[in-house]
Amino acid sequence: MLLRMSDRTGNRGSTPLHSVSVAGAVVREDGRVLAIRRADKGTWEPPGGVLEVTEAVEDGVRREVFEETGIKVGVERLTGVYKNVSRGIVALVFRCRPESGSERLSEESTAVAWLTPAEVSDRMAEVYAVRVLDALREGAAPAARSHDGRQLLDRRS
C-alpha cells in the first residue's frame with residue numbers, strides 16, 4: 001500500500017509517497033559480483049534495502065550490503081535509478097568495491113555468492129539482473145529504467 005500526502009491545494013490522498021531503496025553492485029577484481037538469495041522470496045538479487053529517513057544514501061548502501069553479506073564496501077558511483085511503478089519504489093544502485101569482511105548469511109539472506117555476469121543473467125529476474133549488468137558497463141551514464149516488478153517497461157540496451 002502506498003502512503004499518500006496532500007498536494008499544494010490541501011487535497012489529501014492525491015500524491016503517492018515513494019519508498020527509496022539502495023543496492024550495491026559489488027564487483028571484485030576478477031569481475032564477479034556479490035549476490036544474495038533472499039530469505040523471504042528465495043530470489044537472487046544484489047544486496048540492498050530501504051534507505052532510512054535520516055541516512056545518507058552512500059551510508060545506506062554500505063549498511064545494507066554489510067548487514068546482508070558481511071562484506072564492507074567502498075561506494076564508487078551511481079549506476080542506475082530503477083522505479084517499480086506498481087509498488088512506488090525507487091531503487092538507487094551503486095557500483096561498489098569490496099574492502100574487508102567475509103561472506104556470511106543473515107536473517108535476510110539464505111545464500112551469499114560471487115557470480116559471473118552470465119550467472120547473474122541466469123539466476124536473477126530481469127529487473128534485478130539489469131541493475132547489476134548496468135553497473136558493469138564501464139564509463140556509461142547512470143541508467144534510468146522503469147519496471148512493473150517482473151519485467152522492464154523500457155527495452156533499451
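Both backbone and side-chain heavy atoms feed into the values below; hydrogens, waters and symmetry mates do not.
- Taking CZ from Arg77 and CD from Glu58, the interatomic distance works out to 13.0 Å, rounded to the nearest 0.5 Å.
- Residues Pro47 and Leu34 meet the side-chain proximity criterion, which asks for heavy atoms closer than 4.5 Å.
- Using a distance-only test at 3.5 Å, with no hydrogens or angles considered, no donor-acceptor pair links the side chain of Ser19 to the main chain of Ile89.
- Within the 4.5 Å cutoff, side-chain heavy atoms of Arg145 are placed close to those of Asp134.
- Applying the side-chain hydrogen bond (donor to acceptor under 3.5 Å, both in side chains) test to Ser109 and every residue at least two apart in sequence or in another chain returns Ser106.
- Using a 4.5 Å heavy-atom threshold, the side chains of Leu136 and Pro117 count as touching.
- In the model, Thr43 has no side-chain atom that pairs as donor or acceptor with a side-chain atom of Arg38 under 3.5 Å.
- In this structure, Val120 and Tyr128 have side chains that are not in contact, with every pair of non-hydrogen atoms separated by 4.5 Å or more.
- Shortest non-hydrogen contact noted between Arg62 and Asp59 is NH2-OD1, 2.6 Å.
- Following chains of ILVMFWY side-chain contacts shorter than 4.5 Å, one can reach Leu133 starting from Val33, so the two form part of one hydrophobic cluster.
- In this structure, Arg131 contributes its side chain and Val127 its backbone to a donor-acceptor pair below 3.5 Å.
- At distances below 3.5 Å, not a single donor-acceptor pair connects side-chain atoms of Ser100 with backbone N or O atoms of Lys72.
- Between the CZ atom of Arg28 and the SG atom of Cys96 there is a distance of 15.0 Å, given to the nearest 0.5 Å.
- Applying the side-chain contact (heavy atoms from CB on, under 4.5 Å) criterion to Val57, with sequence neighbours excluded, gives Val22, Leu51, Leu92, Phe94.
- A pairwise comparison of heavy atoms in Gly149 and Asn84 identifies CA-ND2, 3.6 Å as the closest pair.
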*For Arg32 and Thr116, run side chain to side chain contact (heavy atoms under 4.5 Å, CB included): C-alpha distance rounded to whole Å, both residues' side-chain angles, the deciding distance at 0.1 Å, then the answer.*
CA-CA 5 Å; Arg32 288 182 174 261; Thr116 65; 3.5 Å; yes
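- Of the possible polar contacts, one joining the Glu126 side chain to the Leu152 backbone as a donor-acceptor pair under 3.5 Å is found.
- Contact between Gly24 and Pro46 at its shortest, heavy atoms only, is O-CB, 3.7 Å.
- The hydrophobic clustering, which links ILVMFWY residues whose side-chain heavy atoms are closer than 4.5 Å, places Trp44 and Val130 apart.
- Residues Leu105 and Phe66 do not share a hydrophobic cluster, clusters being chains of Ile/Leu/Val/Met/Phe/Trp/Tyr side chains in contact below 4.5 Å.
- Counting all heavy atoms, side chain and backbone alike, Arg123 lies closest to Ala113 at NH1-CB, 4.5 Å.
- Formation of a donor-acceptor pair under 3.5 Å by the Arg95 side chain with backbone atoms of Ala135 is found in this model.
- Of the inter-residue distances, the one linking Thr69 atom OG1 with Glu103 atom CD reads 7.5 Å to the nearest 0.5 angstrom.
- The CZ atom of Arg97 lies 14.0 Å from the CD1 atom of Ile71; values are rounded to the nearest 0.5 Å.
- There is a path of hydrophobic side-chain contacts, each under 4.5 Å, that joins Leu115 to Val132.
- Here the side chains of Arg104 and Val112 are not in contact, with every heavy-atom distance at 4.5 Å or above.
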